[in-house]
Amino acid sequence: MALSLKYYLKEIFRIEWLKKFLFARTAPLGTPTYFRNFPELTGKTCTHALFCMMACPAPGAIEVIKTPEGWQPRIHIGHCIRCGLCVEACPNGVLSSGRILESMFYDNTALSFSFRIDVDTDKCMGCGNCAVACPVNKLIDAQMSFGGRASTDELLLMVSAGKCRAVHVEKCTGCKTCEDNCPNKAISVTRLLEAIHCPEEDL
Amino acid sequence: MSLLQRVKNFVRSRSIHVAYVDVGSCNGCDIEVLACLSPRYDIEQYGIYVHNNPREADILLVIGAFTPGWEDKLRSVWDKIPEPKAAIAIGNCPISGCLYNRPHTLIDPPVAKHIPIAAQVPGCPPRPTEILSAVLAVAPVVFKDFEVKKR
């Protein structure tokens, strides 16, 4: 009886077991390598395409800043929501975060931007400020002046019949200069962000 | 250092009582704080206990962009916490307002305008490990030798 009791006590109150029971700790949890953390610079050259700023859903989270080494995107911690859209949008792979770049490479995915220009014809008074201010128009027809009247049909924005009209929307770069210059807030530019899957044969 | 102070330091390092207050968040950060309680992250093994009573708390976790309903209430919650105390802002919302900080919204970030904030945990939402390490980093700074520092 005494022997078996001693045996039981010895079995139950093993030193290792007691230590484990009283001082148990789960393993310190590190951040896994695949965690999509705040984007980091990869060291590739930024070409100031500003796709990251266009794709970013959080206000004030990313800025492209001119430094002595050239343009550089800067992430503002406290604003960034770690969605990784800037990493996906960048055409040069300047940013990296988690496994986004690798998975984009293996899955052949990319983000495509397109822009939609809406003109509220009730508010538009056909002043042509938008067409004159537009930097894309300026490249096509540098002579364009007051009123938005132009010689070519190749323009992005032009005034016809007293109203502004978006002719070649595919040329829009989404700078929103027209929105800033419209006196009546009649024009609005909407960004359409689309995830595309490139088929193998295209590459 | 007196023996009493040493005892206080030891006790305070092993028993940090936490209250959390949601001043208008999307509930994402609340769920991350809740995940800290789960067996995987298990904050109680570090001696951190969640008591949702400010009168028992040492650390206040503030979650969410500041909505007008909390204008006077957050201050009174903060005043009810006995000294020594600290407030930690969890997530982007109390720091910057995050996605809600747009024109025509009613929020009033940062929360540091309303109560003193000791630490900020950025992220939308932050990982539970980040919340945990913030609490563990703030606690010794605020609580160790509190009476000595006050004098």
Side-chain angles (χ1 to χ4, degrees), chain A residues 17-41 52-63 73-89 95-100 176 179-180 182 185 188-191 193, chain B residues 14 25-29 32 35-48 62-66 88-105 107 109-113 117 119-137:
Chain A
W17 185 88
L18 276 177
K19 265 189 191 163
K20 227 186 210 173
F21 182 79
L22 293 173
F23 304 105
R25 285 272 159 107
T26 53
L29 292 163
T31 310
T33 49
Y34 50 83
F35 175 57
R36 201 174 58 202
N37 211 328
F38 294 111
E40 284 165 359
L41 296 173
C52 48
M53 282 176 76
M54 274 192 256
C56 184
I62 189 164
E63 265 181 319
R74 189 153 301 167
I75 310 291
H76 293 288
I77 290 170
H79 293 254
C80 176
I81 63 167
R82 301 194 271 211
C83 63
L85 276 179
C86 51
V87 178
E88 281 190 60
L95 295 163
S96 77
S97 163
R99 287 196 297 215
I100 294 177
K176 301 200 175 190
E179 268 190 39
D180 297 338
C182 184
K185 294 190 169 39
S188 66
V189 179
T190 318
R191 183 194 68 213
L193 189 63
Chain B
R14 293 291 302 151
S25 84
C26 67
N27 226 257
C29 297
E32 297 303 311
C36 289
L37 296 166
S38 69
R40 186 172 171 77
Y41 297 100
D42 196 12
I43 56 174
E44 297 202 350
Q45 71 181 336
Y46 299 99
I48 306 170
V62 187
I63 306 159
F66 197 85
I88 299 179
I90 302 288
N92 278 354
C93 280
I95 303 172
S96 67
C98 198
L99 293 174
Y100 302 110
N101 197 356
R102 292 181 192 278
H104 316 302
T105 52
I107 57 158
V111 170
K113 280 198 289 192
I117 296 285
Q120 296 174 329
V121 189
C124 184
R127 287 175 65 80
T129 44
E130 290 172 343
I131 298 172
L132 198 56
S133 57
V135 174
L136 289 174

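Letters A, B, ... are given to chains in the order of the sequence lines, protein chains preceding strands, and every chain is numbered from 1. Since this is a predicted model, take the numbers as computed values, not measurements.
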Worksheet item: Which heavy atom of A:Gly78 sits nearest a heavy atom of B:Pro122, and at what distance?
Response: N-CB, 3.7 Å
Worksheet item: Given that the side chain runs from C-beta out, which part of B:Arg102 has a heavy atom under 4.5 Å from chain A: side chain, backbone, both or neither?
Response: side chain
Discussion item. Keeping B:Asn92 on the side-chain end and A:Cys80 on the backbone end, is there a donor-acceptor pair under 3.5 Å?
Written reply: yes
Item to complete: Taking A:Arg82 for its side chain and B:Pro125 for its backbone only, find out whether a donor-acceptor pair lies under 3.5 Å.
Response: yes
Nearest 0.5 Å, what's the [atom1]-[atom2] distance between [X] and [Y]?
X        : Y        : atom1 : atom2 : answer
B:Ser96  : A:His76  : OG    : NE2   : 11.0 Å
B:Glu130 : A:Asn37  : CD    : CG    : 6.5 Å
A:His79  : B:Asn101 : NE2   : CG    : 7.5 Å

Worksheet, complete the sentence: Checked B:Pro94, B:Gly97, B:Gly91, B:Cys124 vs chain A; the most non-hydrogen pairs under 4.5 Å come from B:Cys124
Discussion item. So for atom NZ, which belongs to A:Lys185, do other residues, nucleotides or ligands contribute more than 12 heavy atoms lying within a distance under 6.0 Å?
Written reply: no
Worksheet item: Are there more than 12 heavy atoms of other residues, nucleotides or ligands under 6.0 Å from atom OH of A:Tyr34?
Response: no
